[in-house]
Number of protein chains: 2
Amino acid sequence: MNNFEYMNPTKILFGKNQIENISKEMPNKAKVLLLYGGGSIKKNGIYEKVIAALEGFEVVEFGGIPANPEYAVLMEALTIIKEQNITFLLAVGGGSVIDGTKFLSSAALFKGDTPWDILTQNIRTSKGMPFGTVLTLPATGSEMNSGAVITRAETKEKLGMGGPGLFPQFSVLDPTVIQSIPKRQLANGITDAFTHVLEQYMTYPIDARLQDRIAEGILQTLIEIAPTIIKDPTDYKAASDFMWSCTMALNGLIQKGVPTDWSIHAIGHELTALYGIDHARTLAVILPSHYQYNFEAKKEKLAQYAERVWNITEGTLDQKAKAAIVKTEMFFNELGIDTKLSDYTNDYMGTAQEIVRRFTARGWNGLGEHKNLTPSDVEKIVTMSY
Amino acid sequence: MNNFEYMNPTKILFGKNQIENISKEMPNKAKVLLLYGGGSIKKNGIYEKVIAALEGFEVVEFGGIPANPEYAVLMEALTIIKEQNITFLLAVGGGSVIDGTKFLSSAALFKGDTPWDILTQNIRTSKGMPFGTVLTLPATGSEMNSGAVITRAETKEKLGMGGPGLFPQFSVLDPTVIQSIPKRQLANGITDAFTHVLEQYMTYPIDARLQDRIAEGILQTLIEIAPTIIKDPTDYKAASDFMWSCTMALNGLIQKGVPTDWSIHAIGHELTALYGIDHARTLAVILPSHYQYNFEAKKEKLAQYAERVWNITEGTLDQKAKAAIVKTEMFFNELGIDTKLSDYTNDYMGTAQEIVRRFTARGWNGLGEHKNLTPSDVEKIVTMSY
């Protein structure tokens, strides 16, 4: 096991009706900016519950944060924060709204020239404006971590940011919110969380036995509850397991002390930036090619995953490892998630070269758990995914 | 899954040489009380490392906190805290030193008549004097939770306390400390952590799939590393898995959203108070009788544990469940831990009645995940353990 530091101060309020308790977690006399997305919270009753829970606080609203939170939109919210002397941010939404809120938390206190520097110059945020979240879409894990990904349409860029000052003070996880989420987004959420775990697990053996077991436990749980979630999102038991698994998949715990990969995300982000493909679906496109291409480096963990998660006990190590890739792709397909780039766009020729060009323009750092993937490797992986 | 709240703000510094980094985690100009136990830290080099790391801080020392931290001894430390205007406590030791430090953290700011009231009146501590820990003996999990157990020899009592103000600010987990721990204490540590997990897991099914998987993962890890730890505690990989498993066993995570039992600890504490038997060994004495006596209530989870942790796939549910109890007792025995009260004292007659008398005198609340165990049940469980 590698040395590590771990701290996660976010308070989780999990379960039915926990929205009622948010005012106890907020600073007295906070002036609140309530942030949300396209307005689904006004249809499913969550907006009313939040407003009721905020009684006694001065509340300003900012709706319309899009999926892949857009820099230009967030800059409008930043203006409101400054003009209205906001002191607390409350994100009510999925990963995009929460990520956008993290950007605002950082930007509100940022002293530099332009907040876009936070993203392009990898500036870590040690202190942000305090914020809480009410999660409406389990998937990204943003509700219990300190990272965010922000998109800028103008430059077709999608970049990450983070820092210890960007943990939510609290996050409400009420599994009943799942009832009103479209099947497409539920499938995306399962795929996203599943891939989060694999990015932190599918590397090489390092004898971090407990981290492996917890990662495998999240994968097993997602596999077990996926059919129920898609068929009947009102099943509260399955919804609870789904919601908690998504949070645990990316709250920092399973990555501590182990190598991590994150190539699939790095490449996938470019597919979203280029074609607007749903984040989770870009992961499902890249994952099989990435694991096939890097088979030798990953086959020991692939075989362990095959045995423990998919109960594949027959065959050689190589056979098990290969079967695990097939099983994973089938799992995505059964959720209704296509796994080839050509399923999403006819305009895919040249994508591999364009992604390499973008990576190289930003300075090539190498990808993967060994940081040894070259531009040529990435070009081949993306080409295999066509 | 039940509703829950979860927050754990303790910062973990895990790995070799992390002691060097403690000063970064401490308030500037803190006046530190360094607390430790019987002095083993002066033989194994940890004391020197801590003193070196504290350069620049004013440090007062208080050694001699005994196993089962004794109220009378801690009251001496409290006098020093007040007389010397201490502002930060640093526990260097195992669960006893850390628990004692938590008591002092609470008592230092306590406004009531006598600090013993914190224990007898179940007063929750919302704010204590800040403290950190350097763990020297993996076992209790106290390094990443907010609970403590304090003993008072005068009255032969052993009582619990806790509250959100009693999380360590930081804890150093350096697996190399295991090298100098006697085998007896390593066996105790494994048994203690193992039983912590079972107290939070061995109840009844509630469809908290991920909590179950994580609990099972800790148990599997402890079973896998136990022989290596006892044979060669210099094995850093096994030591790392051991240390992290002990912390994760009782940092609050696996108990969230699920019923918990804790009868084994409640009864075991009395055996320590009465006979001075090592805490972990009292758990190993009570666990098999408790699970046999409450077999019907627990058999579904016992069978799940049999299958997933011990790979017992043959037989009926009842047969698997029974085999799991046998396997658990054998696991303790293989660690050199005896599992009958008569292995520890010849004076065991009447123990069951005395424990019931003590529980009843404190007000009977019922024990177990259903709070339905009666004095007569406890009497039978303890008698079965003779």
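Values below: every heavy atom of this structure, side chains too, minus hydrogens, waters and symmetry copies.
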(Q) Please give me the minimum heavy-atom distance between A:Gln200 and A:Ile254, naming the atom from each residue. (A) OE1-CG1, 3.5 Å
Q | Among A:Glu5, A:Glu216, A:Arg209, residue most engaged with chain B (heavy-atom pairs, under 4.5 Å) | A | A:Arg209
(Q) Is the positively charged end of A:Lys11 above the ring of B:Tyr6, judged by distance under 6.0 angstrom from the centroid and angle within 45° of the axis? (A) no
Q) What pair of heavy atoms forms the shortest contact from B:Ala324 to B:Tyr305, and how long is it? A) CB-CD2, 3.6 Å
Q. Considering the options B:Asn251, B:Thr247, B:Thr133, which one meets the side chain to side chain donor-acceptor pair (under 3.5 Å) requirement together with B:Glu143?
A. B:Thr247
Q.
Less than 4.0 angstrom from a charged side-chain N to a carboxylate O is my criterion; do B:Glu369 and B:Lys298 meet it?
A. yes
Q: Using non-hydrogen atoms and a 4.5 Å limit, figure out which bit of B:Ser245 sits close to chain A: side chain, backbone, both or neither.
A: both
Q: Report, by ascending residue number, the residues of residues 16-23 of chain A in heavy-atom contact with chain B at a distance under 4.5 Å; give 'none' if the set is empty.
A: A:Lys16, A:Gln18
Q | A:Tyr236, part contacting chain B, at a heavy-atom distance under 4.5 Å | A | side chain
Q: Heavy-atom distances under 4.5 Å only: say whether A:Gln211 touches chain B with side chain, backbone, both or neither.
A: side chain
Q) How about B:Phe131 and B:Phe88: are their ring centres within less than 6.0 Å of each other? A) no
Q: Report yes if the distance between the aromatic ring centroids of A:Phe194 and A:Phe331 is under 6.0 Å, otherwise no.
A: yes
Q: Sort A:Leu253 into side chain, backbone, both or neither according to what part of it lies under 4.5 angstrom from a heavy atom of chain B.
A: side chain
Q. What part of A:Ile225 gets closer than 4.5 Å to chain B, counting heavy atoms only: side chain, backbone, both or neither?
A. side chain
Q: Name the region of A:Asn8, side chain, backbone, both or neither, that has any atom closer than 4.5 Å to a heavy atom of chain B.
A: backbone
Q: Run the salt-bridge test on B:Glu224 and A:Arg213 with the 4.0 Å N-O cut-off and return the result as yes or no.
A: yes
**Q.** Any side-chain donor near an acceptor of the partner, B:Lys256 and B:Asn3, under 3.5 Å
**A.** no
